[in-house]
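Shown next, in structure tokens, is the structure this report addresses.
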There are 2 protein chains.
Amino acid sequence: MHRIKRNTILLSQGEICRYTFKVVTGCFKSYVIDSSGKEHILQFAPEDWYISDLDSLVNEKPSVLFIEAIEDTTYIRLTKEELQSFSKDEQNRKLVNSVISLQNRLVALLSSTAEERYFDFINAYPSMINRLPLKLIASYIGVTPEYLSEIRRKLKEK
Amino acid sequence: MHRIKRNTILLSQGEICRYTFKVVTGCFKSYVIDSSGKEHILQFAPEDWYISDLDSLVNEKPSVLFIEAIEDTTYIRLTKEELQSFSKDEQNRKLVNSVISLQNRLVALLSSTAEERYFDFINAYPSMINRLPLKLIASYIGVTPEYLSEIRRKLKEK
DNA sequence: CACATTTCTTAAACTACCTTAATCATTGTC
DNA sequence: GACAATGATTAAGGTAGTTTAAGAAATGTG
């Protein structure tokens with residue numbers, strides 16, 4: 001079991017990812033930084049979630065993602081070999097869940113407005129809303145903090 | 001081995017997906033239709049690719065996706081049980097590849113402009129460019145056909 | 001071949017979302 | 001408890017991408 005402080009980076013873009021991290025308490029985020037320096041969050045990992053750059057881990061190539069603690073966090077880390085020693089069923093379930101969650105995000109990004117994606121987020125992660133700053137939610141749903149702030153104001157006015 | 005004509009739908013939104021389809025010759029697309037009736041393509045599956053709605057297949061719930069032949073296509077279909085009889089390694093590789101390709105699309109949608117995503121598409125699927133109508137490429141990269149047409153014109157002017 | 005249907009292009013008006021910048025609120029730190 | 005740093009809000013102006021509509025090109029069909 002490992003213990004790290006908020007804002008600590010566990011994996012940086014360009015490094016080869018050697019582990020999958022399983023959160024015990026706290027929360028991680030994975031994100032990319034685009035050519036203009038902006039951060040875009042792909043995943044939050046609160047208690048019991050797994051987080052990793054699978055492409056980097058499996059194919060031993062440089063990661064495109066950062067993984068960083070957004071709260072003081074305790075976690076377990078699993079090497080590729082340890083992951084592979086999981087039962088076939090267990091491994092499958094985890095991989096299938098990853099596919100499903102990415103597919104759902106993709107569908108939402110392609111076919112919903114920012115306001116709809118904000119509702120989706122609230123429904124999918126009701127307990128995260130009070131735990132995350134607006135800034136991070138905005139980055140996850142794919143808008144600027146200023147625009148999410150405007151969305152919230154419009155919702156109150158109703 | 002099954003054989004179907006262009007424009008035939010193999011899976012519709014709302015149905016439970018019973019198979020993973022492996023293309024022998026031809027090409028499938030998977031897509032969603034949003035609340036305003038617009039189509040958004042998630043994946044193309046040319047020769048040797050697999051396509052399915054994993055969430056629906058594995059959890060036996062109604063599919064959100066359509067799967068449709070965009071050329072006359074021959075394919076093999078695999079039930080959930082047949083898929084599970086694959087070697088652990090083979091199954092893992094396929095699932096990991098799905099995660100990676102979805103993750104790449106997500107990163108692109110969050111952090112690139114439409115023009116950059118068009119370049120990404122050309123680089124990732126050079127052989128598909130001549131095979132797909134503009135309309136379908138536009139749907140895949142997440143813009144209207146009119147706007148992709150404009151992107152192409154601007155590129156020619158350079 | 002002729003006709004219908006679908007696809008592609010162009011252009012003008014529009015909108016969802018971004019940028020910048022200023023102000024205020026909250027949090028962390030010595 | 002003061003001050004710095006970070007986060008949230010608001011507003012004005014800008015831009016990437018959409019909508020609508022119409023015509024041109026390509027494709028399918030009897």
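Reminder, nothing fancy here: chain letters follow the sequence lines and each chain counts from 1. Every heavy atom of this structure was used, including side-chain atoms; hydrogens, water molecules and symmetry mates were not.
More than 12 non-hydrogen atoms from other residues, nucleotides or ligands lie less than 6.0 angstrom from CZ of B:Arg131.
Atom OH of A:Tyr118 is separated from atom P of C:dC17 by 15 Å (rounded to the nearest Å). For the pair A:Glu116 CD and C:dC17 C1', the interatomic distance rounds to 14 Å; values are reported in whole Å. With rounding to whole Å, A:Lys154 atom NZ is found 12 Å from D:dA11 atom P. Across the protein-nucleic acid pair, B:Ile70 atom CD1 and C:dT6 atom P stand 17 Å apart, rounded to whole Å. B:Arg117 has its CZ atom 13 Å from the P atom of D:dA16, to the nearest Å. Between the NZ atom of A:Lys38 and the P atom of C:dC17 there is a distance of 14 Å, rounded to whole Å. Atom pair A:Ile151:CD1 and C:dC17:C1' shows a separation of 9 Å (rounding to whole Å applied). B:Glu71 has its CD atom 14 Å from the P atom of D:dT27, to the nearest Å.
Close to D:dA16, at under 4.0 Å from its OP1 or OP2, lies no side-chain N or O of B:Thr113.
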**Report entry** nucleotides 4-10 of chain D: protein proximity per nucleotide (B base, S sugar-phosphate only, - neither; heavy atom, under 4.0 Å)
**Finding:** ---SSBB

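B:Tyr140 is listed as a side-chain neighbour of B:Phe44, based on a closest heavy-atom distance under 4.5 Å.
Rounded to the nearest 0.5 Å, atoms CD (A:Glu47) and NZ (A:Lys22) are 11.5 Å apart.
Without hydrogens or angle criteria, A:Lys80 side chain to A:Thr20 main chain gives no donor-acceptor distance under 3.5 Å.
A donor and an acceptor atom, one from each side chain of B:Ser87 and B:Asp89, are nowhere located under 3.5 Å apart. No side-chain donor-acceptor contact under 3.5 Å links A:Gln103 and B:Asp55.
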